[in-house]
Amino acid sequence: MSRAAVPVAVRRPHSARERFRQNWPLTLFLIPGTIVLVTFHYLPLAGNVIAFKDYLPFVGIADSPWVGWENFRVLVSGDPAFVNALTNTLVITLVQTILVFPAPIALALLLNSLVSERAKRVVQTVVYLPHFLSWVVVVAIFQQFLGGSGMLNTWLRGNGGDGLQIIGNPDTFIALLTSQVMWKDTGWATILFLAVLSTIPQELYEAGSVDGASRTRQMWHITLPAMRGIIILLLILKLGDSLTVGFEQILLQQAAVGTHASEVLDTHVYNNGVIGGNWGVSAAVGLVKGVVSVVLVLVANRVAHIFGEDGVYRRGS
Amino acid sequence: MPRPVARVVKGIVLTIVCALVIIPFLGIFATSVAPAGQLAANNGFVLWPEAFSLDAYRSILSGGVVSGALVISVGVTLVGTALSLSATALMAYALARPSTIGRAPVLTLLLLSLLFTPGMIPTYLIVKQIGLLDSLWALILPSMLSAFNVIVMRSFFQGIPGELIDSAKIDGATEWQIFRLISLPLSKAVLAVIGLFYAVQYWNAFFNALLYLNDSSLWPLQMVLRTYVVNGTNLSPADLGPTEILPPQPAIQMAILVVSFLPIVCVYPFLQKYFAKGVLTGAVKG
């Protein structure tokens with residue numbers, strides 16, 4: 001058989017050496033990304049050993065002395081600053097799960113019910129936009145409208161009323177955070193729900209109305225069951241993120257309201273570690289936070305599997 | 001509820017939702033171009049300008065802190081996006097090809113990085129030990145590769161028929177040629193959307209600069225926005241370019257704000273075009 005008759009693609013490489021000879025250029029493609037991944041992800045991940053050390057800036061991570069679990073004491077000793085940060089984090093997560101999570105579902109259902117494709121596209125174009133603004137821009141916009149000399153207060157005073165202190169007020173801080181998150185991300189969050197809604201076969205609704213199901217019943221028995229998978233997936237991811245709340249957003253507005261109302265775990269790690277120089281203790285708080293988040297996702301995913309849902313990753317058979 | 005009433009209610013709700021997004025932009029732009037007299041009469045905030053003046057923009061863009069920060073932001077965004085997109089496309093392509101040596105371990109590293117995120121403190125200490133503090137590379141390298149973007153792009157490359165690549169190989173094309181001349185041209189949509197995502201990420205980044213840059217002459221625009229608009233520090237004439245008259249402070253602040261979001265608003269229609277095609281949502285579940 002002549003050499004030319006054998007298609008190259010079909011010829012399977014026999015030895016590891018031949019496989020290497022044929023395919024090494026592709027391995028080069030992996031190198032830049034892998035270097036970045038290892039240097040800025042896995043090296044810091046290993047750098048978490050600092051949680052078990054007394055970090056001395058002038059000797060570096062490797063040579064700082066070991067102190068065992070000493071740095072973790074703050075987690076169990078009822079340190080007021082830590083307890084305050086943890087409480088604030090959990091309260092904000094709870095409030096935002098209840099208020100922020102359902103908003104895009106409602107908006108997606110509303111958009112999906114529009115008959116005019118053009119109206120739907122216009123609204124989508126408008127409401128996706130704030131997602132792409134930075135937190136600095138969003139906070140600046142809110143100050144401009146709701147701040148002491150902002151539009152709302154100027155209008156209130158102009159009409160003989162009293163001004164409202166919304167910005168820089170510890171009592172309204174969580175409400176402010178929540179409204180900012182809603183303004184920024186409600187529109188964008190509809191994108192996944194709309195994608196799922198567009199996969200529901202129209203025949204199901206037609207069959208429903210032939211059988212006399214009202215629009216409410218169609219919503220309950222057709223639309224919502226179709227969205228169950230994505231809602232559960234997002235709730236699992238949310239649970240994994242439950243110890244992470246708006247770090248940049250809060251850091252930007254913390255000075256005006258004080259730490260009692262605004263300190264969350266991430267800002268605590270930053271303020272106590274980077275600013276305060278308590279490297280080891282802050283790394284310990286961050287490490288425990290990371291571990292708890294991973295455990296929460298895995299547990300939630302297991303629960304989803306028990307209830308027959310896919311969750312984040314499919315169930316292995 | 002009768003149908004016409006329901007339609008009116010829907011219309012009103014959606015109009016309010018859209019107005020909540022649009023009005024802030026209008027108000028901020030109006031304030032940045034309004035004349036001093038109107039600003040003074042309205043407590044520094046207007047929704048509709050009586051006259052149109054670009055003095056505030058002239059004063060921040062003709063030199064001074066804002067101009068410097070703008071140059072840095074544009075530079076970091078361009079260099080960062082180019083590096084990110086190259087590393088992401090190369091990695092995603094090699095991970096999409098079944099014959100790549102080292103594919104399985106790298107893919108595992110990538111997927112696990114989504115689950116295990118290193119904390120802020122060790123990341124800061126590593127960046128410091130590498131010697132990137134007070135270097136603009138600190139704004140690029142630590143956030144250069146998004147595992148999520150690699151996965152999205154990989155599933156796109158996996159959609160390229162293997163026969164196409166095999167036939168190019170028979171014709172004697174090298175791996176690099178196959179990548180450059182076949183795979184990339186077929187992936188323009190995903191390259192555009194991932195590139196824009198990286199660009200938005202670099203443009204908007206604020207915390208990296210706060211964390212890694214003590215030298216305020218290296219600050220990108222978002223840090224300047226934080227200092228002079230969010231924290232309300234007044235800009236002195238020395239912070240501005242040479243101007244005959246100092247424009248009112250609210251106009252300057254809102255002009256900085258507009259400059260900070262204008263590039264986003266400009267690239268947004270292009271991003272929007274790709275969302276409509278479902279480039280991202282289709283790839284996520286793969």
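Chain naming here is simple, since letters A, B, ... match the order of the sequence lines and numbering starts at 1 in each.
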| field | B:Ile23, part contacting chain A, at a heavy-atom distance under 4.5 Å | value | both
| message | Taking side chain as everything from C-beta outward and backbone as N, CA, C, O, which of these in B:Leu83 sits under 4.5 Å from a heavy atom of chain A? Side chain, backbone, both or neither. | response | neither
Atom pairs and distances, donor-acceptor, side-chain atoms in residues 279-286 of chain A, under 3.5 Å, two or more places apart:
residue: A:Ser282; atom: OG; partner: A:Val269; partner atom: O; Å: 3.4
residue: A:Ser282; atom: OG; partner: A:Gly273; partner atom: N; Å: 3.0
residue: A:Ser282; atom: OG; partner: A:Asn278; partner atom: O; Å: 3.2

| chain B contact residues among residues 33-40 of chain A, heavy-atom distance under 4.5 Å | A:Gly33, A:Thr34, A:Val36, A:Leu37, A:Val38, A:Thr39, A:Phe40
| message | Would B:Trp176 and A:Phe29 count as a side-chain contact (heavy atoms from CB on, under 4.5 Å) here? Give the steps. | response | CA-CA 9 Å; B:Trp176 174 251; A:Phe29 285 20; 3.8 Å; yes
| message | Assess the residue pair B:Leu210 and A:Leu251 against the criterion (side-chain contact (heavy atoms from CB on, under 4.5 Å)); give the C-alpha distance rounded to whole Å, side-chain angles, the decisive distance to 0.1 Å, and a yes or no. | response | CA-CA 11 Å; B:Leu210 179 70; A:Leu251 196 64; 3.6 Å; yes
| Contact list for residues 112-130 of chain B, test side chain to side chain donor-acceptor pair (under 3.5 Å), sequence neighbours left out | none
| request: Please look at A:Gln143 and chain B and tell me whether the side chain, the backbone, both or neither of the residue comes under 4.5 angstrom of a heavy atom of that chain. | output: side chain
| task | Measure distances from A:Leu287 to the heavy atoms of chain B and classify the residue's part below 4.5 Å as side chain, backbone, both or neither. | result | neither
| request: Measure B:Leu132 against the heavy atoms of chain A and call it side chain, backbone, both or neither at under 4.5 Å. | output: side chain
| field | Which of A:Val137, A:Ile50, A:Val122, A:Val274 touches chain B most, by non-hydrogen pairs under 4.5 Å | value | A:Val137
| request: May I ask you to test the B:Pro24-A:Trp183 pair for a side-chain heavy-atom distance under 4.5 Å? | output: yes
| query | Of all residues at least two apart in sequence or in a different chain, which pass the salt bridge (charged side-chain N to carboxylate O under 4.0 Å, His left out) check with B:Arg97? | reply | B:Glu175
| Donor-acceptor contact below 3.5 Å, side chain A:His41 vs main chain B:Leu114 | no
| field | Winner by heavy-atom pair count (cut-off under 4.5 Å) against chain B, out of A:Ile167, A:Ile31, A:Leu110, A:Val49 | value | A:Leu110
| Can you find a pair of side-chain heavy atoms, one from B:Phe207 and one from A:Trp135, that are under 4.5 Å apart? | no
| What part of B:Leu47 gets closer than 4.5 Å to chain A, counting heavy atoms only: side chain, backbone, both or neither? | side chain
| query | With side chains defined as the heavy atoms from C-beta onward, is the minimum distance between A:Phe145 and B:Phe45 less than 4.5 Å? | reply | yes
| task | Test B:Ile121 against A:Tyr55 for side-chain contact (heavy atoms from CB on, under 4.5 Å), laying out the working first. | result | CA-CA 11 Å; B:Ile121 300 293; A:Tyr55 179 69; over 6 Å; no
| So A:Phe132 and B:Phe197, would you call those rings parallel, tilted or perpendicular, with 30° and 60° as cut-offs? | tilted
| Given that the side chain runs from C-beta out, which part of A:Leu107 has a heavy atom under 4.5 Å from chain B: side chain, backbone, both or neither? | side chain
